[in-house]
Visitor: 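One structure, as structure tokens, below. Some questions next.
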Amino acid sequence: MPKSLVSIHDFSKDELLYIVKQAAAFEKDHRPVFKGKVVATIFFEPSTRTRLSFETAANRLGARVVGFSDADNTSVSKGETLKDTIMMISNYADLIVMRHPKEGSARYAAEISRVPIINAGDGANQHPSQTLLDMYSIQKTQGRLDNLTITMVGDLKYGRTVHSLLQAMSHFNTRFKFIAPPELRMPEEYKHYLSERGLSFTEHTELAENINDADILYMTRVQRERFSDPIEYEKVKNVYVLKNSLLKDTKPNMKILHPLPRVNEISADVDDNPKAYYFEQARNGVFARMAIIHYLLDTNR
Ligand code: CP
């Protein structure tokens, strides 16, 4: 079975650090070393950043890109199974980037694919390439990954980006703060994961009084698409709104990250604050994804 990136656990601490270092190298310079290779991007859920930055990364490395952004235009709409879809695409491409709404779908695809799979998000489970670009953004802005306070805000229950990031940063003696309404608290399994490793975390419901010690303020969107009951979504959708006025006593080098898209959780007035880093963070995605594609194509050569 080829080496894939389905969960952040598929990469060791050394591999995570290697990707972060390579992302920096690709930001400075890159050559089209994968001419003749084909990368497939198959997205069963909407995406702007992840799909387009993977496609940009593959193009910059010299690979060609095939794929789809809407499964309704494929034979999935005729009833073709995920298994058969993956069997077909692994006949054509050297690497597959897949987003799918079902948790576990990427692991299943990796078990049957002839070529590496990169999980570009599987339901509320994992989004490991987002985590690697988040780590690169943290390293770039803080100058280190060790001994930081990361405050995660918003939908910590269904947020796959916070689940992957928490697990990756557990290698680096991180102090975590979780700010969420009771309905969207960090699931027990992730808190247990931290406790088992002797890492500290605290939980809060108020935003304003809990962000001044953060090195990284990781905002997330309350995701309408994860709620089966629209009334439950309406209750929590605007629970936190970050405004400039809330940032005045935060640390001078604190940076605000957000995987994006945002809805209302960061007010537009924050965009010009030097602490806002989410647009640069998204740009870093191209370099981190170049590093991931390069590593997996090289490792599986
Ligand atoms: N961060 C992220 O996954 O964005 P997209 O949904 O636009 O890919």
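As the structure lists them, so they are numbered: ligands from 1, and atoms in each ligand from 1.
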Visitor: I'd like to know whether Glu111 forms a salt bridge (charged side-chain N to carboxylate O under 4.0 Å, His left out) with Arg107, so could you lay out the CA-CA distance, the side-chain angles of the two residues, the decisive distance to 0.1 Å, and finally the verdict.
Guide: CA-CA 6 Å; Glu111 280 166 8; Arg107 180 65 65 201; 5.2 Å; no
Visitor: What does the list of residues with a heavy atom under 4.0 Å from ligand 1 look like, ordered by chain and number?
Guide: Ser47, Thr48, Arg49, Thr50, Arg99, His127, Gln130, Pro259, Leu260
Visitor: Quick one: list whatever passes ring-ring contact (aromatic ring centres under 6.0 Å, His included) with His204, sequence neighbours left out.
Guide: none
Visitor: Strictly by salt bridge (charged side-chain N to carboxylate O under 4.0 Å, His left out), give each pair with a member in residues 202-219 just once, sequence neighbours left out.
Guide: Lys177-Asp213, Arg185-Glu203, Lys191-Glu203, Asp215-Lys251
Visitor: Roughly how far, to the nearest 0.5 Å, is CG of Leu217 from CD1 of Ile266?
Guide: 7.5 Å
Visitor: So, using ring-ring contact (aromatic ring centres under 6.0 Å, His included) as the criterion, who are the partners of His30 when residues are at least two apart?
Guide: none
Visitor: Given 3.5 Å as the limit, does a donor-acceptor pair link the side chain of Glu27 with the main chain of Asn284, or not?
Guide: no
